[in-house]
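By convention in this document, chain letters (A, B, ...) are assigned in the order of the sequence lines, proteins followed by strands, and residues within each chain are numbered from 1.
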Amino acid sequence: MNKPIRVRFAPSPTGGLHLGGVRTVLYNYLFARRYGGRFLVRIEDTDQTRFVEGAEEYIFKCLDWCGLTPDESPVHGGAFGPYRQSERKPMYRKYAEQLVNDGHAYYAFDTPEQLESMRNELKSAQNPSPQYDGKTRMKMRNSLTMPADEVARLLEMGTGYVIRIKMPDNETIRFTDMIHEEVSFDSGLVDDKVLLKADGMPTYHLAVVVDDYLMEITHAFRGEEWLSSAPVHVLLWKYLFGLDKMPQWAHLPLILGPSGKLSKRDGAKYGFPVFAMNWKDNKTGELTEGFKEKGFLPEAFINLLAMLGWNDGTEQELFSMQELIEKFSIDRVHKAGAKFDFEKARWFNQEWIKRTDASMLAPLVKNILSENEIADIDDRYLLQVIGLVKDRCSLLTDFYTQSFYFFQTPAFLDKASVIPKWDALKKSFFTSLKDEFSLISHFTMINIEESFKKLAVTMNLKVGDLQMIYRIMLVGSKMGPGVFQISETIGKEESVKRIENALLSFEEG
RNA sequence: GGCGCGUUGGUCAAGGGGUUAAGACGCCUCCCUUUCACGGAGGAAUCACGGGUUCGAUUCCCGUACGUGCUACCA
């Protein structure tokens, strides 16, 4: 078996792309790259009622930001197109009809109302969700219960119908999942899923099998929520193309939110994103924040996602995409779902900020600053500042709070920390300090510190207290790198200016 | 309700018949720093429960509980 490896990500364009989706893409991508295969994206837009404008474009933007470029897709092209299922609509019907002819599927004419009433009649505490299955199908209006000429007549009249799979009675359906190993189902307990809808579109079940076959997919990765319908897919493979052609399945463990299933709400509720990038719902106007906008580096996002359900067995936690490609293996993917922990996610980002060169960070930081009305920044100066503060940022957005005072005189001074210690002597220290500064020809942190301390000793004052006050004068609060470092960076003129400002401000009390 | 899948500290997790049950995040203490971080050194905290199998089970088997997914002409 030397078929070239081909994997796919098959999203439906209905909204934001969340964590679990991106991780599925990532594992697909890593697997393809690891084994020299092809990674393709197929858009599953068979449900016309759920189509969302802009969602497909958004998905590709997210992949782009993550650095997960498909080899084939509706926008990247490829020899197995079209890559949108809506554009493949005419291809599915013949397979559905073939199944009917072979006795594996049947026409069903039940209207939505009739289905509804069947369910209502059968519904009970013991059976809260009655199925269209081996037990009920003979009570319904379909080509199994109606005489052939009646069926032919209805079809001829153009009566609406769907094609349903006829699940066999007493079969055990087994397959080997790359993650869960042997999985088995009793066919009699699975319902007769609709394969072809009344509008002529296939459902996911038919489309995924037909397209995986036509696109020569060898390994199919998807979320574990699909495991329950896998028997339908296995059966379709058996009936249509042969089990030997079926891709190897890998059902990925779910990513859970703080209280169970990860939902869009969790993001809003717990203050962390669930989508890769900002998603705006055009109907409600609601904006859901993405990891990118929250201040994540794509490298960190990829890294943390990779570690949610996989590790290489060593203590290493920080991986670049290249390292992941080299080390990823499907048999080290977990069976159990993982609860997403935003604190750990922040840590990954912090580590990536630390290990990313200031010059790479510069354009991103520039953006953050300009969003906060700090513009016209000198590039060399910016690099210097980034170098000073990047170890204290865990999100890119932290660069503003950690560095704004390098670019503008602080508007707010933490006077509460100064006033109790403030007196005439200290005031005269800072007044004299300005004069001392004017004597310094090279305004470096060493020289600043030296004259600062010399003056303190001369006036018989404690250096520590003064240093704290000086920090508040320059920064506004008790934070940031060394005070003399800051002073050197902003320069003599600005340092003096901030001392004067502060002096005035402290006088006001 | 039925069916599927799962269960090592609060979270991510290594390990897997005999171990002091790794490591990371978070939390706490201390050091560094008269700031806040970074960094360093420590600390508290785990094998869901009950039966087997075995000389010995966290590890294998069976139950139970719990969690989660599916149970749509949605994916």
Side-chain angles (χ1 to χ4, degrees), chain A residues 10-14 44-47 49-50 85 108 110-112 115-116 119 123-133 160-164 177 179-180 183-186 188-191 193-205 207-208 222-231 251 253-254 256 258 260-261 304 307-318 332 334-348 350-351 354 389-394 398 402 414 417 462-472 475 477-483 486:
Chain A
S12 57
T14 52
E44 309 233 339
D45 55 351
T46 52
D47 186 357
T49 64
R50 292 210 307 161
Q85 287 180 332
D110 317 275
T111 63
L115 289 174
E116 173 92 19
R119 292 194 175 108
K123 199 182 283 185
S124 67
Q126 298 310 306
N127 182 16
S129 32
Q131 305 189 118
Y132 202 122
D133 59 13
Y161 68 90
V162 300
I163 293 179
R164 287 179 180 271
D177 185 273
I179 292 164
H180 297 278
V183 185
S184 68
F185 298 84
D186 178 350
L189 267 11
V190 182
D191 64 330
K193 287 264 183 291
V194 170
L195 265 20
L196 198 75
K197 299 186 261 190
D199 65 2
M201 276 288 195
T203 58
Y204 173 82
H205 308 290
V208 74
R222 58 177 12 172
E224 203 186 278
E225 70 268 25
W226 289 110
L227 196 51
S228 300
S229 40
H251 289 89
L254 267 9
L256 308 171
K261 187 181 153 62
L304 72 92
M307 302 310 286
L308 225 44
W310 175 87
N311 68 78
D312 77 341
T314 72
E315 284 183 11
Q316 186 175 350
E317 289 193 275
L318 265 19
R332 287 200 66 89
H334 281 188
K335 289 178 164 72
K339 208 171 273 182
F340 176 70
D341 178 12
F342 187 63
E343 286 310 315
K344 182 96 188 207
R346 284 173 72 103
W347 175 79
F348 274 107
Q350 184 175 25
E351 292 300 316
K354 275 195 279 185
V389 304
K390 74 185 194 126
D391 284 4
R392 6 174 52 90
C393 298
S394 55
D398 293 339
Q402 291 297 331
D414 177 13
S417 299
K462 278 215 177 102
V463 178
D465 286 348
L466 297 169
Q467 227 170 292
M468 194 71 255
I469 294 171
Y470 189 39
R471 168 178 298 281
I472 289 171
V475 178
S477 63
K478 301 184 217 174
M479 57 168 274
V483 230
I486 295 172

Legend entry - Atom-to-atom span, NZ of Lys123(A) to P of U71(B) - whole angstrom: 14 Å
Inset, instruction - Would you indicate what Ser12(A) reaches in the nucleic acid, counting non-hydrogen atoms under 4.0 angstrom: base, sugar-phosphate, or nothing? - result: sugar-phosphate
Legend entry - d(CZ, Arg50(A); P, A75(B)) in whole Å: 7 Å
Inset, instruction - For His334(A), report the nucleic acid contact type (base, sugar-phosphate, nothing); a contact means any heavy atom under 4.0 Å. - result: sugar-phosphate
Inset, instruction - Please determine if a side-chain N or O atom of Arg119(A) lies less than 4.0 Å away from the OP1 or OP2 oxygen of C73(B). - result: yes
Legend entry - Side-chain H-bond candidate by donor/acceptor type, Arg346(A) with Ser394(A), under 3.5 Å: yes
Inset, instruction - Measure from CG on Asp177(A) to P on C5(B) and round the result to the nearest Å. - result: 10 Å
Inset, instruction - Compare the minimum distances between each of A75(B), C25(B), U71(B) and the side chain of Glu343(A), then state the nucleotide with the smallest one. - result: C25(B)
Inset, instruction - Figure out the CD/C1' separation between Gln316(A) and A22(B), and round it to whole Å. - result: 16 Å
Inset, instruction - Using a heavy-atom cut-off of under 4.0 Å over every strand shown, decide if Ala198(A) touches base, sugar-phosphate, or nothing. - result: base
Inset, instruction - Name the nucleic acid region contacted by Leu304(A), choosing base, sugar-phosphate or nothing; use a 4.0 angstrom heavy-atom cut-off, strictly under. - result: nothing
Inset, instruction - Show the numbers, then the answer: is there a side-chain contact (heavy atoms from CB on, under 4.5 Å) between His205(A) and Val194(A)? - result: CA-CA 8 Å; His205(A) 308 290; Val194(A) 170; over 6 Å; no
Legend entry - Pair Lys478(A)-Asp414(A), side-chain contact (heavy atoms from CB on, under 4.5 Å): steps then yes or no: CA-CA 8 Å; Lys478(A) 301 184 217 174; Asp414(A) 177 13; 4.1 Å; yes
Legend entry - Rounded distance (Å) that lies between atom P of U7(B) and atom CG of Leu256(A): 13 Å
Inset, instruction - Taking atom P in both G10(B) and U46(B), compute the distance separating them and give it to the nearest angstrom. - result: 7 Å
Inset, instruction - Give the nucleotide from the list U35(B), C73(B), C12(B) with an atom nearest to the side chain of Lys197(A). - result: C73(B)
Inset, instruction - Indicate yes or no: does Glu351(A) engage Lys354(A) in a salt bridge with an N to O separation below 4.0 Å. - result: yes
Legend entry - Whole-Å distance separating the CD1 atom of Ile179(A) from the P atom of U68(B): 20 Å
Inset, instruction - Tell me what Ser129(A) touches on the nucleic acid: a base, only sugar-phosphate, or nothing, going by heavy atoms under 4.0 Å. - result: base
Inset, instruction - Look at all strands and tell whether Asp110(A) reaches a base, only sugar-phosphate, or nothing, counting heavy atoms closer than 4.0 Å. - result: base
Inset, instruction - For A65(B) and C49(B), measure between their P atoms and round to the nearest Å. - result: 16 Å
Inset, instruction - Report which part of the nucleic acid Arg164(A) touches: base, sugar-phosphate, or nothing (heavy-atom distance under 4.0 Å, all strands). - result: sugar-phosphate
Inset, instruction - Carefully, step by step, assess Glu224(A) and His180(A) under the rule side-chain contact (heavy atoms from CB on, under 4.5 Å). - result: CA-CA 10 Å; Glu224(A) 203 186 278; His180(A) 297 278; 3.3 Å; yes
Inset, instruction - Would you mind pulling out the nucleotide paired to G69(B), Watson-Crick or G-U wobble, both distances under 3.5 Å? - result: C3(B)
Inset, instruction - Determine which nucleotide pairs with G23(B), using a 3.5 Å limit on both distances of a Watson-Crick or G-U wobble pair. - result: C12(B)
Inset, instruction - Would you mind checking if Asp341(A) and Lys339(A) are paired as a salt bridge, meaning a charged N to carboxylate O distance below 4.0 Å? - result: no
Inset, instruction - Could you check which of G2(B), G4(B), C74(B) has an atom nearest any side-chain atom of Phe185(A)? - result: G4(B)
Inset, instruction - Compare the minimum distances between each of C5(B), A72(B), G69(B) and the side chain of Leu254(A), then state the nucleotide with the smallest one. - result: G69(B)
Legend entry - Strand partner of A75(B), provided both Watson-Crick or wobble distances fall under 3.5 Å: none
Legend entry - Validation row: Lys193(A), Arg164(A) side chains within 4.5 angstrom (heavy atoms): no
Inset, instruction - May I ask you to verify if any side-chain N or O of Thr46(A) is less than 4.0 angstrom from the OP1 or OP2 atom of A75(B)? - result: yes
Legend entry - Candidate nucleotides U35(B), A72(B), C74(B), ranked by approach to the side chain of Met468(A) - the nearest: U35(B)
Inset, instruction - Measure from the side-chain heavy atoms of Tyr204(A) and tell me the nearest of C12(B), A75(B), G39(B). - result: A75(B)
Inset, instruction - Determine the sole option in Pro13(A), Pro11(A), Ser12(A) for which the side-chain contact (heavy atoms from CB on, under 4.5 Å) test with Asp45(A) is passed. - result: Pro13(A)
Inset, instruction - For U54(B), give its Watson-Crick or G-U wobble partner with both distances under 3.5 Å, or none. - result: none
Inset, instruction - Start with the C-alpha distance between Gln402(A) and Lys390(A), add both sets of side-chain angles, then the distance that settles side-chain contact (heavy atoms from CB on, under 4.5 Å), and finish with yes or no. - result: CA-CA 8 Å; Gln402(A) 291 297 331; Lys390(A) 74 185 194 126; over 6 Å; no
Legend entry - Of the listed nucleotides A37(B), A13(B), G4(B), the one nearest the side chain of Asn311(A): A13(B)
Inset, instruction - Taking the side chain as every heavy atom from C-beta outward, state whether Arg471(A) and Ile486(A) have any atom pair closer than 4.5 Å. - result: yes
Legend entry - Closest to side chain of Asp341(A), choosing from C25(B), C73(B), C38(B): C25(B)
Legend entry - OP1 or OP2 of G4(B) under 4.0 Å from side-chain N/O of His180(A): no
Legend entry - C1'-based separation of C47(B) from U7(B) [nearest Å]: 10 Å
Inset, instruction - Answer yes or no: does a side-chain N or O of Arg332(A) lie under 4.0 Å from OP1 or OP2 of G15(B)? - result: yes
Legend entry - Residue Arg392(A), side-chain heavy atoms: nucleotide from C12(B), A37(B), C73(B) that is nearest: A37(B)
Inset, instruction - Provide the distance between the two C1' atoms, one in G6(B) and one in G43(B), to the nearest whole Å. - result: 33 Å
Inset, instruction - Any strand is fair game: report the nucleotide pairing with A48(B) by Watson-Crick or G-U wobble, both distances under 3.5 Å, or none. - result: U64(B)
Inset, instruction - Under 4.0 Å between any heavy atoms, over every strand shown, what does Pro130(A) touch: base, sugar-phosphate, or nothing? Just pick one. - result: sugar-phosphate
Inset, instruction - Measure from CZ on Phe340(A) to P on U11(B) and round the result to the nearest Å. - result: 15 Å
Legend entry - P-based separation of C28(B) from A37(B) [nearest Å]: 11 Å
Legend entry - Lys462(A), nearest nucleotide to its side chain (from U34(B), C25(B), C5(B)): U34(B)
Legend entry - 5' precedence on RNA chain B between Glu224(A) and Glu315(A) (nearest-nucleotide basis): Glu224(A)
Inset, instruction - Give a yes or no on whether a donor-acceptor pair under 3.5 Å exists between the nucleobase atoms of A72(B), that is its base, and the side chain of Lys193(A). - result: no
Inset, instruction - Please work out if Val162(A) contacts a base, only the sugar-phosphate, or nothing of the nucleic acid, heavy-atom cut-off 4.0 Å. - result: base
Inset, instruction - Nearest whole angstrom, please: distance from the P of C25(B) to the CD of Glu317(A). - result: 7 Å
Inset, instruction - Remember a base hit wins even if backbone is also touched, and classify Gly223(A) as base, sugar-phosphate or nothing at under 4.0 Å, heavy atoms. - result: nothing
Inset, instruction - May I ask you to say what Val183(A) touches in the nucleic acid, namely base, sugar-phosphate or nothing, with a heavy-atom cut-off under 4.0 Å? - result: sugar-phosphate
Legend entry - Opposite nucleotide pairing with C38(B), Watson-Crick or G-U, both atom distances under 3.5 Å: none
Inset, instruction - Mind checking Thr14(A) for me? I need base, sugar-phosphate or nothing, with any heavy atom below 4.0 Å counting as a touch. - result: nothing
